[in-house]
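In what follows, chains are A, B, ... by sequence order, proteins preceding strands, each numbered from 1. For clarity, every value in this text was computed on a predicted model and none was experimentally measured.
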Amino acid sequence: MNLFEGVSTLGGIFVDKEALRSGYTPDTLPHREEQIENLVTILAPVLRGEPCSNVFIYGKTGTGKTATVKLVGRDLSEMGLLRGRGIDCVYMNCEVVDTQYGVLANLANYFIRTWQDRVPFTGWPLDKVYERMKQTLDSLMGTVILVLDEVDKLVAKSGDDVLYQLTTLNDDLVNSDMTLVGVSNDLRFADFLDPRVKSRLSEEEMVFPPYDASQLRHILMERAQIAFVEEALTEGALSLCSAMAAQEHGDARRALTLLRVAGEVAEREGLEIIETRHVRKAGMKIETDRITQAIKTLPIQSKLVMLSVVKGSDASASRLTTGEVYEIYEELSSALAIMPLTQRRVTDLISELDMLGLVNARVVSKGRYGRTREIETRIIPDKARFLLEEDDLLSHLAEFKPKVSQVRLM
DNA sequence: TGTCCACTGGAAGGGAGGGCTT
DNA sequence: AAGCCCTCCCTTCCAGTGGACA
């Protein structure tokens, strides 16, 4: 008997699952008509071969910023083609490309077709990369719209030098011109920029408000029609999805993921209909998957710090201070015979764990007894321990009890 | 009101690792 | 092979800080 004999050839619940994924760009974006029109007006001069203003777009995650920019970019390039104007829309996510070198090299490589001419991912001096990028763009004799998504991540990591370079690029270009579209979900981001960069980058500003529950419901309904077979989605499940996402600052991306996972859960149960319980299950599954993934992919030192927090909170009811976590960390390091990092570095790792949502760390002042951070795990300790001890190296620490926390118990 | 603790978090810089150029 | 550049991870140094306590 074949192992796949029992698997149905019919799609089950889904017709086109892609419609619920974050990379999908639909043909219409409900409740973003105003923003789309705005962006079209700003970028329209490009079609007449005139320069247009740089744009800065703000809005929380899942408010349709990226989808709007991609949709407008796609139509603009198409219209350019029809009218015989070369318009290229280059999209870059600065969470992935987060260095000056990376942005310049990727921009150049987007247009370079031959391997031997491409900019290597490291190795060249920056001015050489800039020069190659400039030449490449100039040889296009057209317009480039560069979209820098999550641009705040780029600036946080590499400063605003690259933005300055890009905003002044037009002065260096003879045959082509470039327009920058910066996208950020941090509203105060521009305040930290060099004033020259700020004024050049935000010639036009747009703000994307969060969706409310009824708007989310409408968006989900439209996508569900593409994604699911008819009648697969119940009213209750739809409402619950939009309500849950509306609670999380109106995040449409989350709502769509919730719907997709709910569909997968129902499908796995062999059902052809999605009910509210599937949405609830999906909500829990997404969160567990996120945590599992986050812990498993931590570098070893971060895992060790995380384990120190878990072992520390095992032994003590009160929250741990940075100093206590570091003492446990030192013990664990010596048990594994690895060189411990400095406390300074460990504080940074704790901040990273905090940002990943794996621990809670807040700065408190204990007056005479100093200023420190109070740290506690945000995950069920047994679950965290289980995931951490899956690491070969850390599995040796399963029975290890730190001395420090034993002292604290008395 | 001033002191002092236990850090926080910024800045600078070292060095390993990846890759290019000559 | 030597010299250079950039990024990443880390250390070292140190000014700054909130609030309990004397």
Just wondering, more than 12 heavy atoms not from A/Phe386 lying within 6.0 Å of its CZ?
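At most 12 heavy atoms, drawn from other residues, nucleotides or ligands, come within 6.0 Å of this atom.
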
More than 12 heavy atoms of other residues, nucleotides or ligands under 6.0 Å from NZ of A/Lys17: is that the case?
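Buried by this count: over 12 neighbours within 6.0 Å.
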
Take atom [atom1] of [X] and atom [atom2] of [N], then tell me their distance rounded to the nearest Å.
X: A/Leu104; N: C/dC5; atom1: CG; atom2: C1'; result: 14 Å
X: A/Tyr101; N: C/dC4; atom1: OH; atom2: C1'; result: 12 Å
X: A/Asp161; N: C/dC6; atom1: CG; atom2: P; result: 12 Å
X: A/Leu341; N: C/dC8; atom1: CG; atom2: P; result: 18 Å
X: A/Gln343; N: B/dG9; atom1: CD; atom2: C1'; result: 13 Å
X: A/Arg345; N: C/dC8; atom1: CZ; atom2: C1'; result: 9 Å
X: A/Leu154; N: C/dT7; atom1: CG; atom2: C1'; result: 14 Å
X: A/Glu324; N: B/dT8; atom1: CD; atom2: P; result: 12 Å

Candidate nucleotides B/dT8, B/dC7, C/dC10, ranked by approach to the side chain of A/Arg373 - the nearest
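Minimum distance to the A/Arg373 side chain belongs to B/dT8.
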
Under 4.0 Å between a side-chain N/O of A/Thr99 and OP1 or OP2 of C/dC6, yes or no?
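For A/Thr99, the contact criterion (side-chain N or O under 4.0 Å from OP1 or OP2 of C/dC6) is not met.
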
Side chains of [X] and [Y] only: does a donor on one sit below 3.5 Å from an acceptor on the other?
X: A/Asp392; Y: A/Ser395; answer: no
X: A/Thr66; Y: A/Asp149; answer: yes
X: A/Asp251; Y: A/Tyr211; answer: no

Could you check whether A/Arg385 pairs with A/Asp382 (Lys NZ or Arg NE/NH1/NH2 to Asp/Glu carboxylate O, under 4.0 Å)?
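Yes, this pair counts.
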
Rounded to the nearest 0.5 Å, what separation is found between the NZ atom of A/Lys128 and the OH atom of A/Tyr101?
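It is 8.5 Å, given to the nearest 0.5 Å.
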
Rounded to the nearest 0.5 Å, what separates atom CD in A/Gln135 from atom CD1 in A/Ile112?
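With rounding to 0.5 Å, CD (A/Gln135) is 9.0 Å from CD1 (A/Ile112).
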
Just to be sure I understand the geometry, which residues of residues 348-359 of chain A put a non-hydrogen atom under 4.0 Å away from DNA chain C?
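Within this stretch, nothing sits under 4.0 Å of the strand.
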
Nucleic acid footprint by protein, nucleotides 10-22 of chain B - heavy-atom cut-off 4.0 Å, B for base, S for sugar-phosphate alone:
B-------BBSS-

Polar atom pairs between nucleotides 18-22 of chain C and protein, under 3.5 Å, N or O only, would you list them?
| from | atom 1 | to | atom 2 | distance (Å) |
| --- | --- | --- | --- | --- |
| C/dG18 | N2 | A/Gly367 | O | 2.9 |
| C/dG18 | N3 | A/Ser365 | OG | 2.9 |
| C/dG19 | O4' | A/Ser365 | OG | 3.1 |
| C/dG19 | N2 | A/Gly367 | O | 2.9 |
| C/dA20 | O4' | A/Arg368 | N | 3.2 |

Any sub-3.5 Å donor-acceptor pair from A/Asp16's side-chain atoms to A/Ile226's backbone N or O?
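No, the answer is negative, given that no donor and acceptor are paired below the 3.5 Å cut-off.
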
Determine whether a donor-acceptor pair (N or O, by modelled atom type, separation under 3.5 Å) exists between the side chain of A/Lys153 and the backbone of A/Cys94.
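Pair absent, no side-chain N/O of A/Lys153 close to backbone of A/Cys94.
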
Is there a side-chain contact between A/Lys281 and A/Lys285, using heavy atoms and a 4.5 Å cut-off?
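Answer no - side chains too far apart.
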
